[in-house]
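To start, the structure itself, in structure tokens.
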There are 2 protein chains.
Amino acid sequence: MLIGELAKKTGCDVETIRYYERERLLSAPQRSASGYRHYNAEQLGELNFILHCRSLGMSLADIRNLAAFKADHEHDCEDINLLIDQQIAKVHQQAEALRLLEQQLLALRDKCHDSHAAADCGILQTLVEAAEGEPCVCHTPFGQDNHGHSHDHDHAAKKNGRTQKGRP
Amino acid sequence: MLIGELAKKTGCDVETIRYYERERLLSAPQRSASGYRHYNAEQLGELNFILHCRSLGMSLADIRNLAAFKADHEHDCEDINLLIDQQIAKVHQQAEALRLLEQQLLALRDKCHDSHAAADCGILQTLVEAAEGEPCVCHTPFGQDNHGHSHDHDHAAKKNGRTQKGRP
DNA sequence: CTTGACCCTGTAGCGACTACAGGGTGTGCA
DNA sequence: TGCACACCCTGTAGTCGCTACAGGGTCAAG
Ligand SMILES: [Zn+2]
Ligand SMILES: [Zn+2]
Ligand SMILES: [Zn+2]
Ligand SMILES: [Zn+2]
């Protein structure tokens, strides 16, 4: 089986297959005289394993570990459980963060209904005022009476949407 | 105000501030004779605006657009609304995807309760069998009777956890 | 006059791909 | 046999939003 055929069978891009091999996730296949990769059923399984784990949101590092556990039959499965549990925790946290984000965005969106000049747009006004230190609908959920100065939403805490590694 | 002071005031890393300047999100500050950046209140506002938008999960490209709308007072705010609506949609989709992921992971986790050898681990067995084409708890939600061969979960469709750009 | 805290530029790295450029191979058809 | 065309190869660079140096310069205090 050549790489293109494997790609078709698995739905994985050819370049991604080569990438997985470079990253030592996929074992190096046999080569024809001209250097073409030839895959067998075992490697088809390997790739499907990787893709399955990826579809569960696992990192390539996690998948590498999982594959190592799979190879080491004696290994206690405690580590597997830990890995999955951590994955669940990670996914859960991210989902919660996004849920909050959606609420914040909806609150902001509610500041503008009709079409009008940008200068008068409630959304833009909210953003500009927030940058000047005023409270904002998005970061002051609803019941907080910090109606003036001195409020700090956590810009620093979550620098980018997906990884918050600063403070737990 | 030197860059370190601005960093402290905003909670933004010094290197990130320089990065925003390189990316033309932050206007270039005045320089002292020795090349030190000196910031004023206006640029403090600019940075806070950026950080506020980032905390709402917006991309730097979106923020650049938003800043352009802010500068162009005549501009109709329709585009702002569109931008926010798209952001809401994106966040919503990602949140839903993560919710599903969590369910899938929990179903998989349920395949192992006690500690034992990896060879007998229900989690690992599930993953290996799925790679061979069997149905799996994680990708066959619960009521589907595809109990044998010929099932395809959508490995190809969502290549990585965060961006599914293939089919909407 | 030295120490140490700050500042500068430029470059490389992260993760998980994706997209070429620039070439080689293999098959079918006239 | 010649040629088109689909496929394969390697290697490098780009994506995004930072982060982390290396290797230097500046400035105020002691
Ligand atoms: Zn508006
Ligand atoms: Zn806000
Ligand atoms: Zn187990
Ligand atoms: Zn599955």
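Quick note: numbers below take in every heavy atom, side chains included, and nothing from hydrogens, waters or symmetry partners. Chain naming here is simple, since letters A, B, ... match the order of the sequence lines and numbering starts at 1 in each.
Among the protein residues, A:R18 comes within range of the nucleic acid bases, having at least one heavy atom under 4.0 Å from a base atom.
Rounded to an integer number of Å, the gap from CG of B:L25 to C1' of D:dG17 is 11 Å. The CD-C1' distance, from A:Q30 to D:dC9, rounds to 18 Å in whole Å. Remark: C1' of D:dT19 and CD1 of B:I17 are 14 Å apart, rounded to the nearest angstrom. Regarding A:E23, its CD atom lies at a distance of 13 Å from the P atom of C:dG13, rounded to whole Å. Computed from coordinates, the A:D13 CG to C:dC20 P distance equals 12 Å when rounded to whole Å. Taking atom CD of residue A:E5 and atom P of nucleotide C:dG26, one finds them 16 Å apart after rounding to whole Å. Regarding B:I3, its CD1 atom lies at a distance of 5 Å from the P atom of C:dC8, rounded to whole Å. Protein atom CD1 of B:I50 is 10 Å distant from nucleotide atom P of D:dC18, rounded to whole Å.
For the 3.5 Å distance criterion, the side chains of A:H92 and B:E102 qualify, holding a donor opposite an acceptor.
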Worksheet entry | Annotated protein contacts, base or backbone, on nucleotides 23-30 of chain D with a non-hydrogen cut-off under 4.0 Å, one of B, S, - each | --BBS---
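Between A:R54 and C:dG15 there is no side-chain polar atom (N or O) within less than 4.0 angstrom of OP1 or OP2. Here B:Y20 reaches the OP1 or OP2 of D:dC18: one of its side-chain N or O atoms lies under 4.0 Å away. Between A:R37 and D:dT10 there is a side-chain N or O to OP1 or OP2 distance below 4.0 Å.
With hydrogens and angles ignored, the 3.5 Å screen pairs no side-chain donor or acceptor of A:Q94 with any backbone N or O of B:A95.
The pair A:R31-A:E21 meets the salt-bridge criterion, since a charged nitrogen lies less than 4.0 angstrom from a carboxylate oxygen.
Within a 6.0 Å sphere centred on CZ of B:R18, heavy atoms belonging to other residues, nucleotides or ligands number more than 12. Annotation: A:R99, atom CZ; neighbour count of heavy atoms from other residues, nucleotides and ligands within 6.0 Å does not exceed 12. Surrounding CD of B:E78 are at most 12 heavy atoms belonging to other residues, nucleotides or ligands under 6.0 Å away.
Residues A:V14 and A:R22 both approach DNA chain D. Their nearest nucleotides, taken by heavy-atom distance, put A:V14 toward the 5′ side.
The side chain of B:Y19 approaches D:dC18 more closely than any other nucleotide in the set D:dC7, C:dT18, D:dC18. Of the candidate nucleotides D:dT19, D:dG17, C:dC8, C:dC8 has the atom nearest to the side chain of B:R31.
For a distance-only test at 3.5 Å, the side chain of A:E15 qualifies as a donor-acceptor partner of the base of C:dC20.
In this view, B:F69 and B:H75 satisfy the ring-ring contact (aromatic ring centres under 6.0 Å, His included) rule, not counting sequence neighbours.
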